[in-house]
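The structure under discussion appears below in the form of structure tokens.
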Amino acid sequence: MRFDVITLFPSMFSAIRDEGVVARGINKSLLSVHTWQLREFSENKHRNIDDKPYGGGAGMVMQVKPIRDCIEKIKQKIPDTRVIYLSPQGQKLTHQLAVDISNFNAVTLLCGRYEGVDERIIKHDVDMEVSIGDYVISGGELAAMVLIDSVSRQISGVLGNKESLNDSFCDGLLDYPHYTRPEEIDGQKVPEVLLSGHQANIDNWRKDKALKNTQIKRKDILKNQ
Ligand code: 4HQ
């Protein structure tokens with residue numbers, strides 16, 4: 001899978017490119033992350049890509065032309081890429097949406113700064129608006145990295161056996177509790193069943209804990225099932 005990112009801060013993406021699950025996916029040639037410096041598509045010598053909002057008010061708006069030119073250039077290379085704009089107005093990113101996006105061949109992630117992009121980009125050039133949650137962050141870059149990480153984990157071969165896809169949300173439930181050595185610390189013991197070696201009992205215990213965990217911590221996701 002190919003990710004193309006349109007951003008004013010390409011160097012931020014070293015955070016996922018250099019280390020961790022996404023980095024490993026890149027090294028195994030299962031995915032790639034390409035960044036495009038939006039300033040290179042500016043039409044003036046100051047390399048500006050924003051301007052004052054019509055109607056007045058605070059902040060600046062990212063202009064149509066540089067973004068449209070950049071998307072055009074990416075589409076010349078990758079005609080089937082889907083353009084996603086990261087914004088609080090988007091469809092909420094969930095496990096299921098990450099799975100769905102992982103089935104695309106390529107996505108282009110548009111990262112907004114300031115007050116965001118001119119509405120005509122959203123209407124005409126963007127295929128899908130995605131939000132990472134109901135709060136405001138200072139730019140689309142962190143949201144794009146969250147999306148790339150969560151989607152990359154769903155691409156087969158990216159996760160090793162150690163991590164696997166057996167995690168929170170994979171079956172619509174939260175995860176079960178995990179324990180490692182020692183068997184006892186400060187009087188706190190590992191549940192007996194996990195030391196029993198009886199795999200069927202362990203599996204049942206984990207299923208039960210995952211369900212109870214979800215009932216206690218996230219009633220809302222049980223109702224959605
Ligand atoms: N922003 N989920 C405003 C977000 C956001 C979110 C990104 C702030 C876009 C213009 N993006 N810029 N929440 O808060 O994706």
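Computation of the quantities below employed the complete heavy-atom set of this structure, encompassing side-chain atoms and omitting hydrogens, waters and symmetry-equivalent molecules. Start at 1 and go down the list; that is how both ligands and their atoms are numbered.
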Write out the residue and atom name of the closest protein heavy atom to atom 2 (N) of ligand 1, then the distance separating them to 0.1 Å. I132 N, 3.0 Å
Where ligand 1 meets A143 - atom numbers and elements under 4.0 angstrom, heavy-atom basis: 11 (N), 15 (O)
Tell me whether V61 is reachable from V126 by hopping between hydrophobic residues (I, L, V, M, F, W, Y) whose side-chain heavy atoms are closer than 4.5 Å. no
To which protein heavy atom is atom 9 (C) of ligand 1 closest, and what is the distance rounded to 0.1 Å? L86 O, 3.4 Å
Go through the side-chain N and O atoms of T35 and T7 and say whether any donor and acceptor fall under 3.5 Å apart. no
Among protein heavy atoms, which sits nearest to atom 12 (N) of ligand 1, and what does the distance come to when rounded to 0.1 Å? G112 O, 4.0 Å
Validation row: V146, L142 side chains within 4.5 angstrom (heavy atoms): no
Is there a path of hydrophobic side-chain contacts, each under 4.5 Å between heavy atoms, that joins V99 and I84? no
Note: heavy atom closest to atom 6 (C) of ligand 1, options C111, G140, P88, belongs to P88
V136 heavy atoms, cut-off 4.0 Å: which ligand 1 atoms fall inside? 14 (O)
Are I185 and L195 joined in one hydrophobic group, where the rule is that I, L, V, M, F, W and Y side chains link up if heavy atoms are under 4.5 Å apart? no
Which segment of V130 sits under 4.0 Å of ligand 1 when only heavy atoms are counted: backbone
D69/K73 salt bridge by N-O under 4.0 Å criterion: no
Tell me the protein heavy atom at minimum distance from atom 14 (O) of ligand 1, and give that distance in Å. I137 N, 3.0 Å
Between the side chains of H34 and S32, does any donor sit under 3.5 Å from an acceptor? yes
Taking only heavy atoms of Y135, which atoms of ligand 1 are found under 4.0 Å from at least one of them? 13 (N), 14 (O)
In terms of residue, atom name and distance, what is the protein heavy atom nearest to atom 11 (N) of ligand 1? S87 N, 3.4 Å
Any idea which atoms of ligand 1 are less than 4.0 Å away from a heavy-atom of G133? 13 (N)
Report, in ascending order of atom number, the atoms of ligand 1 lying under 4.0 Å from any heavy atom of G116. 10 (C)
D50/R113 ion pair, N-O < 4.0 Å: no
